[in-house]
Amino acid sequence: MGRKLFRRLKDGKKELRIVYMGTPDFAVESLRALVEGGYNVVGVITMPDKPVGRHGSVLQASPVKEYALSQNLPVLQPEKLKDEAFLDALRALNADLQIVVAFRMLPEVVWDMPRFGTFNLHASLLPQYRGAAPINWAVINGDTETGVTTFFLTHEIDTGKIIRQKHLPIADTDDVGVVHDALMAIGAGLVTETVDLLLEGKVDAVPQEEFFKDAAELHPAPKIFKDTCRINWNQPLKKIYDFIRGLSPYPAAWTELVAPDGSRMALKVYKTEKHPALHDLVTGTIHTDAKSYIDVAVEDGYIRLLAVQLAGKKRMEVKDFLNGFKQIGDYTVE
């Protein structure tokens with residue numbers, strides 16, 4: 001996508017016809033930035049409404065759909081992106097540019113449709129963390145920096161030429177919720193900045209190969225499932241601590257409390273502290289005063305639990321949890 005092509009567009013952001021594609025909360029901020037910035041969003045593509053409730057009898061609109069409707073923007077919700085009826089409706093929007101933020105993999109017939117192509121906002125510093133859950137994995141892996149990238153879509157997922165990046169430090173106390181919200185905000189700014197660069201003909205997109213670092217610094221970011229979230233207490237203290245904050249507040253790391261009689265109950269863990277120490281306790285042993293703290297013994301110290309949730313109960317601080325579960329010192333975790 002060269003400079004000359006964009007220089008032909010002389011009418012600016014109010015004339016550039018943009019189709020926006022996204023679904024979750026993360027994608028709302030970028031759409032809002034475009035709308036409030038006066039860009040010409042002519043249509044929004046999002047996932048079909050999701051059945052919720054005990055019997056799936058209630059349909060819940062995506063956050064992007066809710067915002068789009070509040071702004072009177074046309075919305076399309078295709079089940080299949082190669083469906084001819086959807087493709088005809090997309091063509092009718094006559095987009096000059098498509099922008100994708102947290103949506104789904106697009107077929108070539110979709111991403112290649114606009115005359116200026118399609119760019120994606122990805123929540124990592126590509127080529128690091130290609131995949132569905134880049135924010136979680138950056139925190140899980142204990143990274144001290146992440147960021148957002150805009151790049152042109154191509155055949156292979158998350159591999160297109162990079163337009164622009166912005167960096168974000170990750171503090172040791174940040175959980176994935178904090179990082180998510182910060183990336184959402186700077187990502188929205190990067191989306192509008194990228195559109196402006198395209199309008200001004202100032203984009204020289206760079207192949208990701210030119211950003212390659214040491215191969216050891218490139219990580220996959222696969223989708224996270226329930227089994228992914230189970231805590232492995234046999235890992236070092238720092239790894240367990242990072243794992244828990246990398247899944248908090250959603251979907252949340254979990255473990256099993258094992259009673260003296262062998263019965264088990266699931267426990268989600270949202271917030272912890274790490275306490276390096278020498279001890280001779282078996283990994284998974286719970287040490288507590290039954291009033292104010294719960295420590296779990298690991299190989300090089302203790303993980304202090306600060307906020308937890310038993311299955312079927314609400315999230316609570318450990319002091320409140322202990323008010324109703326003083327016998328926890330007799331349990332272990334696995």
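Position 1 is the first residue of the sequence; numbering continues from there.
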For this session: Begin from the C-alpha positions of Tyr39 and Asp196 and carry the test side-chain contact (heavy atoms from CB on, under 4.5 Å) through to its verdict.
Result: CA-CA 10 Å; Tyr39 297 84; Asp196 290 344; 2.7 Å; yes

For this session: Kindly give the heavy-atom pair with the smallest separation between Phe119 and Val191, and that separation in Å.
Result: CZ-O, 3.9 Å

Exercise. Got a donor-acceptor contact below 3.5 angstrom from the Gln128 side chain to the His219 backbone?
Worked result: no

For this session: Could you tell me whether the side chain of Pro251 reaches within less than 4.5 Å of the side chain of Ile224, counting heavy atoms only?
Result: yes

Problem set entry | Crowding at NZ, Lys271 (>12 non-hydrogen neighbours, <6.0 Å) | no

For this session: State which residue, out of Arg164, Gln165, His122, fulfils the side-chain hydrogen bond (donor to acceptor under 3.5 Å, both in side chains) condition with Thr149.
Result: Gln165

Problem set entry | Approximate separation, where rounding is to 0.5 Å, of Leu257 CG and Ile294 CD1 | 8.0 Å

Exercise. Can you list every side-chain hydrogen bond (donor to acceptor under 3.5 Å, both in side chains) pair that touches residues 292-305, not counting sequence neighbours?
Worked result: Asp289-Ser292, Asp295-Arg304

For this session: Flag yes if Val148 and Leu198 sit in one hydrophobic cluster, no otherwise; membership is Ile, Leu, Val, Met, Phe, Trp, Tyr, and two members link when side-chain heavy atoms are under 4.5 Å apart.
Result: yes

Exercise. In chain order, what residues pass the side chain to side chain contact (heavy atoms under 4.5 Å, CB included) check against Asp227, with sequence neighbours excluded?
Worked result: none

Exercise. Taking all atoms of both residues into account, what is the closest heavy-atom pair of Lys166 and Gly189, and its distance?
Worked result: NZ-C, 4.2 Å

Problem set entry | Lys268 side, atom NZ; Ile244 side, atom CD1 - distance, nearest 0.5 Å | 14.0 Å

Exercise. So, for Thr146 and Ser124, which heavy atoms are closest and what is the spacing to 0.1 Å?
Worked result: OG1-CA, 4.1 Å

Problem set entry | Side-chain touch Asn141/Asp242, heavy atoms, less than 4.5 angstrom | no

For this session: Search all heavy atoms of Trp137 against all heavy atoms of Ala221 and return the closest pair with its distance.
Result: CD1-CA, 3.4 Å

For this session: Would you check, one step at a time, whether the test side-chain contact (heavy atoms from CB on, under 4.5 Å) holds for Met265 with Leu267?
Result: CA-CA 7 Å; Met265 63 182 78; Leu267 181 76; over 6 Å; no

For this session: Look at the side chain of Asp83 and the backbone N and O of Lys80, then say whether any donor-acceptor pair between them is shorter than 3.5 Å.
Result: no

For this session: Evaluate the side-chain proximity of Leu87 to Met113: yes if any heavy-atom separation is below 4.5 Å, no if none is.
Result: yes

For this session: Verify salt bridge (Lys or Arg N to Asp or Glu O under 4.0 Å) between Asp96 and Arg115, making sure each step is shown before the conclusion.
Result: CA-CA 5 Å; Asp96 298 306; Arg115 56 177 176 151; 2.7 Å; yes

Exercise. CD1 of Ile231 to CD of Glu256: how many Å apart, nearest 0.5 Å?
Worked result: 11.0 Å

Exercise. According to the side-chain hydrogen bond (donor to acceptor under 3.5 Å, both in side chains) rule, which pairs have a member within residues 21-38, sequence neighbours left out?
Worked result: Thr23-Thr46, Glu29-Arg32

Problem set entry | From CA spacing to verdict: side-chain contact (heavy atoms from CB on, under 4.5 Å), Ile140, Leu247 | CA-CA 8 Å; Ile140 288 170; Leu247 295 168; 4.0 Å; yes

Please tabulate, one pair per line, all N/O donor-acceptor pairs under 3.5 Å involving side-chain atoms of residues 63-75, not counting sequence neighbours.
{"from": "Lys65", "atom 1": "NZ", "to": "Asp49", "atom 2": "OD1", "distance (Å)": "3.2"}
{"from": "Lys65", "atom 1": "NZ", "to": "Asp49", "atom 2": "OD2", "distance (Å)": "3.1"}
{"from": "Lys65", "atom 1": "NZ", "to": "Gln77", "atom 2": "OE1", "distance (Å)": "2.9"}
{"from": "Ser70", "atom 1": "OG", "to": "Tyr67", "atom 2": "O", "distance (Å)": "2.6"}

Exercise. What residue among Ile45, Val101, Val35 forms side chain to side chain contact (heavy atoms under 4.5 Å, CB included) with Tyr20?
Worked result: Val101

Problem set entry | Side-chain donor or acceptor of Thr228 paired with backbone N/O of Phe225 under 3.5 Å | yes

Problem set entry | Hydrophobic cluster identity match, Leu106 and Val109, side-chain contacts under 4.5 Å | yes

Problem set entry | Within one Ile-Leu-Val-Met-Phe-Trp-Tyr cluster: Tyr129 and Leu183, side-chain cutoff 4.5 Å | no

Exercise. Would you say Lys238 has more than 12 foreign heavy atoms packed within less than 6.0 Å of its NZ?
Worked result: yes

Exercise. Distance-only, no hydrogens or angles: does the Thr283 side chain make a donor-acceptor pair with backbone N or O of Val298 under 3.5 Å?
Worked result: no

For this session: Check for a donor-acceptor pair, side chain of Asn120 on one end and backbone N or O of Val100 on the other, with a separation under 3.5 Å.
Result: yes

Seminar exercise, completed: dist Leu197:CG -> Ile163:CD1 (nearest 0.5 Å) comes out at 8.5 Å

Problem set entry | side-chain hydrogen bond (donor to acceptor under 3.5 Å, both in side chains) contacts in which one or both residues fall within residues 308-320, not counting sequence neighbours | Tyr270-Gln309

Exercise. So, do Leu59 and Pro51 sit near enough that their side-chain heavy atoms are less than 4.5 Å apart?
Worked result: yes

Seminar exercise, completed: Taken to the nearest 0.5 Å, the spacing of Thr272 OG1 from Ile303 CD1 works out to 4.5 Å

Problem set entry | 4.5 Å side-chain heavy-atom contact, Leu126 and Ile162 | yes

For this session: Please examine the side chains of Ile286 and Val333, heavy atoms only from C-beta on, and report whether any two atoms are closer than 4.5 Å.
Result: yes

Exercise. Does the distance from a Lys or Arg side-chain N to an Asp or Glu carboxylate O, for Arg91 and Asp88, drop under 4.0 Å?
Worked result: yes

For this session: Apply side-chain contact (heavy atoms from CB on, under 4.5 Å) to Met47 and Phe103, showing your working.
Result: CA-CA 8 Å; Met47 291 290 284; Phe103 186 47; 4.2 Å; yes

Exercise. Any link between Phe116 and Phe152 through a network of hydrophobic side chains (Ile, Leu, Val, Met, Phe, Trp, Tyr) touching at under 4.5 Å?
Worked result: yes

Exercise. So how far is it from Asp143 CG to Leu168 CG, rounded to the nearest 0.5 Å?
Worked result: 11.5 Å

Exercise. Are any of the side-chain heavy atoms of Leu190 and Ile186 separated by less than 4.5 Å?
Worked result: no

Exercise. Taking atom NE2 of His279 as the centre, does the number of heavy atoms from other residues, nucleotides or ligands within less than 6.0 Å exceed 12?
Worked result: yes

Exercise. Shortest non-hydrogen contact from Pro222 to Ala133?
Worked result: O-CB, 3.5 Å

Problem set entry | Arg130 vs Glu156 side-chain heavy atoms within contact, under 4.5 Å | no

For this session: Identify the two heavy atoms, one from Val41 and one from Val44, that lie closest to each other, and give their separation to 0.1 Å.
Result: CG1-CG2, 4.2 Å

Exercise. Which pairs count as side-chain hydrogen bond (donor to acceptor under 3.5 Å, both in side chains) when at least one residue sits in residues 324-333, sequence neighbours excluded?
Worked result: none

Problem set entry | Connected via hydrophobic side-chain network under 4.5 Å: Leu121 and Ile135 | yes

